[in-house]
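Below: one structure, written as structure tokens.
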Amino acid sequence: MSTCELCRRSEVEITIHHLLPKEMGGTFGAIAELCIPCHKQIHALYTNEEISARLTTVKELREDQQLQSFIKWIRKQPATKLMKINKSNNRKHNRW
């Protein structure tokens, strides 16, 4: 258990997020330690192409308008809570 670099909740289970997606060459690049909900939310909202084009740092992720509302909400949730994350409508229709 550790602290999520995105939402900053502590005592959460951590996953490794490649800031540059592995399929885009980020296998050995920078990573961020994110809680499961934050990690899932990023991939629900954005394709790997979108992530690699404009969301390759924790700062850029934190400043993203769509993620800001999620981060504000998730910070209020208990560290033990896991929730279902659905793909955004834009992702479902492969639109940017």
Side-chain angles (χ1 to χ4, degrees):
M1 299 284 184
S2 195
T3 299
C4 176
E5 291 183 53
L6 190 58
C7 70
R8 297 184 175 126
R9 291 184 308 151
S10 59
E11 300 300 317
V12 293
E13 187 175 341
I14 292 295
T15 61
I16 300 300
H17 172 69
H18 290 84
L19 291 168
L20 179 63
K22 290 191 285 186
E23 71 179 36
M24 310 303 257
T27 301
F28 302 106
I31 60 167
E33 293 183 345
L34 306 180
C35 66
I36 293 169
C38 284
H39 198 177
K40 285 184 176 183
Q41 185 69 12
I42 291 166
H43 290 288
L45 289 173
Y46 304 109
T47 64
N48 283 342
E49 289 80 13
E50 291 173 288
I51 294 168
S52 67
R54 62 182 190 85
L55 299 168
T56 58
T57 67
V58 174
K59 182 178 187 239
E60 289 169 340
L61 289 167
R62 253 193 228 118
E63 292 174 354
D64 180 77
Q65 190 171 21
Q66 288 187 71
L67 282 172
Q68 281 182 349
S69 60
F70 174 80
I71 292 167
K72 184 177 179 180
W73 174 80
I74 196 71
R75 282 185 181 153
K76 298 173 187 171
Q77 306 308 310
T80 56
K81 182 176 182 177
L82 292 179
M83 62 286 306
K84 183 176 179 180
I85 305 286
N86 294 319
K87 283 188 178 180
S88 72
N89 287 333
N90 287 341
R91 274 295 307 273
K92 288 178 186 173
H93 302 295
N94 291 328
R95 286 187 253 151
W96 282 35

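All values derive from a computational prediction rather than experimental measurement.
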- Query: For Ala79 and Arg9, which heavy atoms make the closest approach, and how far apart are they?
  - Reply: CA-NH1, 3.6 Å
- Val12, Phe70: one ILVMFWY side-chain cluster at the under-4.5 Å cut-off? no
- Message: Quick one: does any side-chain atom of Arg75 pair with a main-chain N or O of Cys7 as donor and acceptor, under 3.5 Å?
- Response: yes
- Check: Asn48 main-chain N/O paired with Ser52 side-chain donor or acceptor under 3.5 Å: yes
- Message: Give me each pair satisfying salt bridge (Lys or Arg N to Asp or Glu O under 4.0 Å) with a member in residues 57-68, each pair once, sequence neighbours excluded.
- Response: Arg54-Asp64, Lys59-Glu63
- Nearest-0.5 Å distance that lies between atom CD in Glu5 and atom OG1 in Thr57: 11.0 Å
- Task: Give the minimum heavy-atom separation between Leu34 and Cys4, together with the two atoms involved.
- Result: CA-SG, 3.7 Å
- Item | His39: partners by side-chain hydrogen bond (donor to acceptor under 3.5 Å, both in side chains), with sequence neighbours left out | Thr15, His17, His43
- Task: Can you measure from CG (Leu61) to CD1 (Ile71) and round to the nearest 0.5 angstrom?
- Result: 7.5 Å
- Which pairs, with at least one residue in residues 16-39 and sequence neighbours excluded, count as a salt bridge (Lys or Arg N to Asp or Glu O under 4.0 Å)? none
- Is Leu45 reachable from Ile42 through a run of I, L, V, M, F, W or Y residues, each pair having side-chain heavy atoms under 4.5 Å apart? yes
- Message: Ignoring hydrogens, what is the shortest heavy-atom contact between Cys35 and Ile14? Give both atom names and the distance.
- Response: N-CD1, 4.1 Å
- Note on the structure: Connected to Phe28, directly or through other members, by ILVMFWY side-chain contacts below 4.5 Å are none
- Query: What closest approach, in Å, do Leu6 and Val58 show between heavy atoms, and which atom pair accounts for it?
  - Reply: CD1-O, 4.3 Å
- Message: Going by the rule side-chain contact (heavy atoms from CB on, under 4.5 Å), which residues pair with Ser10 if we only count those two or more places apart in sequence or in a different chain?
- Response: Thr3
- Task: Check whether Met24 and Leu19 end up in the same hydrophobic cluster, where Ile, Leu, Val, Met, Phe, Trp and Tyr are linked by side-chain heavy atoms less than 4.5 Å apart.
- Result: no
- Task: Drop me the distance from Tyr46's OH to Leu67's CG, to the nearest 0.5 angstrom.
- Result: 5.0 Å
- Query: Do Leu55 and Glu50 come within less than 4.5 Å of each other through their side chains, counting heavy atoms only?
  - Reply: no
